[in-house]
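The structure appears right after this line, and notes come after that.
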Amino acid sequence: KYVGKSIKRVEDPKLITGKGSYVDDIELPGTYYVMFLRSELPHAFIKVKSRENVFLGSQINPGRDFPIASNEVTYVGQPIAAVVARDRYEAQDLLESIEVEYQQLPFEVDPFKAMEDKVKVYSKLESNIHIKKEFFGGEPLKEIDKSPVVLTGELHNQRVIASPMETRGIVAWFDGNRLNVWSSTQSAHYLRRNLVSFLGISNIRVVQPDVGGAFGSKIITHPEEYAVSYLALKLGVPLKWIATRREEMITAGHGRDKWLRYKIGVNRDGTIRVLMGTVIGNLGAPYADANDDDGGNILSAARMLPGPYKIKHGYITAYGVNTNLTPTTSYRGAGRPEATYFIESIMEEVANELKIDPFEIRMRNVVRPEDMPFTNPFNITYDTGNYVEILNQSKPYYESLKSEATPSEECVGLGMYVEITAFGPWETARVYAKYDGKIVVVSGTGPHGQGEGTAFAQLAADVLEIPMELVEVKWGDTDIIEDGIGTWGSRTATIGGSAVMQASQELKKRIMEAAAKSMEADLEEIEYSEGKIRHKKTGKSIDLSEAIKSAYKLGIPLDVTSVYPVKKPTTPYGVHMALISVDKETGMIKVKKYVALDDIGNVINPLLAEGQIHGGSLQGISQALYEEAVFSDGLLQNGNFGDYTIPTAVETPKFSWRYVVNGLSPHPTGSKGVGEAGAVVGTPVIMSAIQRCLGKKFNYMPINLERALA
Ligand code: MCN
Ligand code: MO
């Protein structure tokens, strides 16, 4: 059995020896380079002069401002022309030769002001409010009146930049018959669907080469992908566009930027009776692909606000508001980090107000095991688990960190979460047997660093009872599996993995049928065990490779494609803690130790899962301490890694991870997602520690050097 074992990633040797092939490594003969001229103003009417090898919105998308603005720009960095040249230098020169006439318009970057609709961030909008939705459960209005303690406040989960190591990029080539696209994306199939509908042709192949990280920012189809594909179709030569780092930071979907204004009713013992308020997300510029994506995240931030706590009454109004900033899209956790930061900050506040220990306050509020499955007031069901138990299991770690902390310099922070993962609506897998006896698994998902190349091999090998080495895993090409969803929402191992198991089971059946035929036996007379098929009476057996060969001879197809359907997401949860030190002279905050306990259902590969918790938590830590997209007049001020801080090994604490299993998901893998969990809870853990050390409340982040001392 492989599932449950810490097996090293089979995809790594290639990647760490520099043999990966990323989109910029793809060199087709005769490739031309594309670059984009981008708006310098947050809101303006534009007039651009056409010239040779410069392509305008009026040519690519006449009458519209997407993917290329033809008449009106609504954020700095929005593409207003594409140039095509022999090489990047020529392309840069061509860019500089374009004349743009701007007629500046009033702009708005503040979502609260934008909601008033005094300034329309885009002249074609009826309102800057893109979405508004109310979530109501129980009797919040009565309960707030009955609550002995009422607390109000405002919190901002600031705008950050996903910053994958590899920027976005695309190569596109129309070979006279079909359009071939290679893109640094989270889903080849999703990109194909969008290109098919934009271009109006169906013969498109999309390949996802190796991808150097994405963190949610490569889910949606960006304007550049549409524009380059359009131009490739029109010009008939291979085209390549690779974002520079600055371009990436300004124009790839930003993350978070959500606010909560809250009012809570609390009993004297610290139990929260009712949660009310408004969630406001700054969606940035109107741009359908992005706004729909992050609009959904605003709704999940609102609906997940109660966290793992037994809050029965709630009333939240959620708004997604357009402004003249870069559009936001999903960023690791996508709504759940915001919800978790909000509710955990509230927990800390209640603990302080009522002078209750932070550990104790959570213990008093969590959903009891007898209440599971629990449906929160906003109609999200937490399927399985035991929140009391995981708190009990965390307690010794919490106490031990506290006893290690040097008084007045070091503090321990705590955070708890429940999140929703493994979204549907379905996922595909294809499993087939090759003539040489090897098994090939193809997934409709698009892993880009998570490690499912290993996890899927483990799952298939266990179903087929064969050595993992016989299984080869592939993905990321619309030619090798007809449809698929993609990798996001911590869904790949659980939903993609369940599809792999389902297809592997079906393949096993077909192999049995072939074996029965070749052994001239009935299906009931044979059994499958450890990759061998044995005749129960005669004891005669054949191994898998023989069975496969006979299937080919008999014409029994050993190629199965399965679709695995999903109804509801599944809910992992956990408790994370950190020991930090604060230098009260310099303001320097260091995270020294980070301890995480998570229940992610069945753990397919603890090494992979732990890696996800490390990376995710570090991104969470980073949001508390370092990261923020800073704008002035709609212009990003820190669009490079000199000014925008992301953590390195130096800032990385000592991690330790424990997993507990107190409930499975309903899927064949039994797993729940882990890809985002660290990013979901890491931020409030650090904020909890900082507020304890500095003895004051912050309702904004990051707490960098200046802010720690202010
Ligand atoms: N796993 C496991 N047991 C479980 C659950 C997961 O062993 N119970 C393992 C899986 O086998 C897989 C990894 O943990 O190797 C993550 O699986 P899963 O939780 O299904 O998450 P996804 O593969 O769907 O990854 C998506 C998630 C998201 S949404 C973001 S954002 C993110 C993240 O993954 N972006 C990443 N992790 C990233 N890691 C890297 N290196 N790069 C990114 O861009
Ligand atoms: Mo994601």
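The chain is numbered in sequence order, starting from 1. First listed ligand is number 1; within each ligand, the first listed atom is number 1.
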So if I count the atoms of ligand 1 from 1 in the order they appear, which ones are less than 4.0 Å from some heavy atom of [X]?
X	answer
E676	28 (C), 29 (S)
V603	3 (N), 8 (N)
G673	19 (O)
Q612	13 (C), 14 (O), 16 (C), 33 (C), 34 (O), 37 (N), 38 (C), 39 (N)
T487	24 (O), 25 (O), 26 (C)
A455	11 (O)
A493	6 (C), 10 (C), 11 (O), 17 (O), 20 (O)

Which pairs pass salt bridge (Lys or Arg N to Asp or Glu O under 4.0 Å) with one or both residues in residues 240-253, sequence neighbours excluded?
D24-K240, E27-K240, R38-E247, R168-E248
Considering only non-hydrogen protein atoms, determine which one is nearest to [atom] and report residue, atom name and distance to 0.1 Å.
atom	value
atom 44 (O) of ligand 1	A214 N, 2.7 Å
atom 8 (N) of ligand 1	N602 O, 2.8 Å
atom 43 (C) of ligand 1	F215 CE2, 3.2 Å
atom 24 (O) of ligand 1	T492 OG1, 2.6 Å
atom 21 (O) of ligand 1	S490 CA, 3.4 Å
atom 30 (C) of ligand 1	R332 CG, 4.0 Å

Structural part of [X] in contact with ligand 1, heavy atom criterion under 4.0 angstrom:
X	result
K672	backbone
T454	neither
V674	both

Is the closest heavy-atom distance from [X] to ligand 1 below 4.0 Å?
X	result
G601	no
G216	yes
P447	no

Going by an N to O cut-off under 4.0 Å, is there a salt bridge joining [X] and [Y]?
X	Y	answer
R192	E482	yes
E628	R159	no
E676	R336	yes
K508	E465	yes
R193	D483	yes

Going by the side chain to side chain donor-acceptor pair (under 3.5 Å) test, name the single residue among T494, N605, T421, N602 that passes it with S671.
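Exactly one pass, corresponding to T494.
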From the list T328, N157, D294, side chain to side chain donor-acceptor pair (under 3.5 Å) partner of K258 resolves to D294
Could you tell me whether the side chains of S184 and K218 share a donor-acceptor contact shorter than 3.5 Å?
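Yes - a donor-acceptor pair under 3.5 Å links their side chains.
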Using ring centroids (six-membered ring only for Trp), state whether Y573 and Y417 fall under 6.0 Å.
no
When the ring centroid of W657 is compared with that of F655, is the distance short of 6.0 Å?
no
Heavy-atom distance to atom 18 (P) of ligand 1: which of E452, M165, Q450 wins?
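Nearest option to atom 18 (P) of ligand 1, by heavy atoms: E452.
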Looking only at non-hydrogen atoms, which of N605, I600, L664 approaches atom 7 (O) of ligand 1 most closely?
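It is N605 that holds the nearest heavy atom.
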Pairs flagged by ring pair (Phe, Tyr, Trp, His ring centres under 6.0 Å) wherever residues 446-496 is involved - sequence neighbours left out
Y190-W488
State, yes or no, whether a side-chain contact exists between E651 and L625 at a heavy-atom distance under 4.5 Å.
no
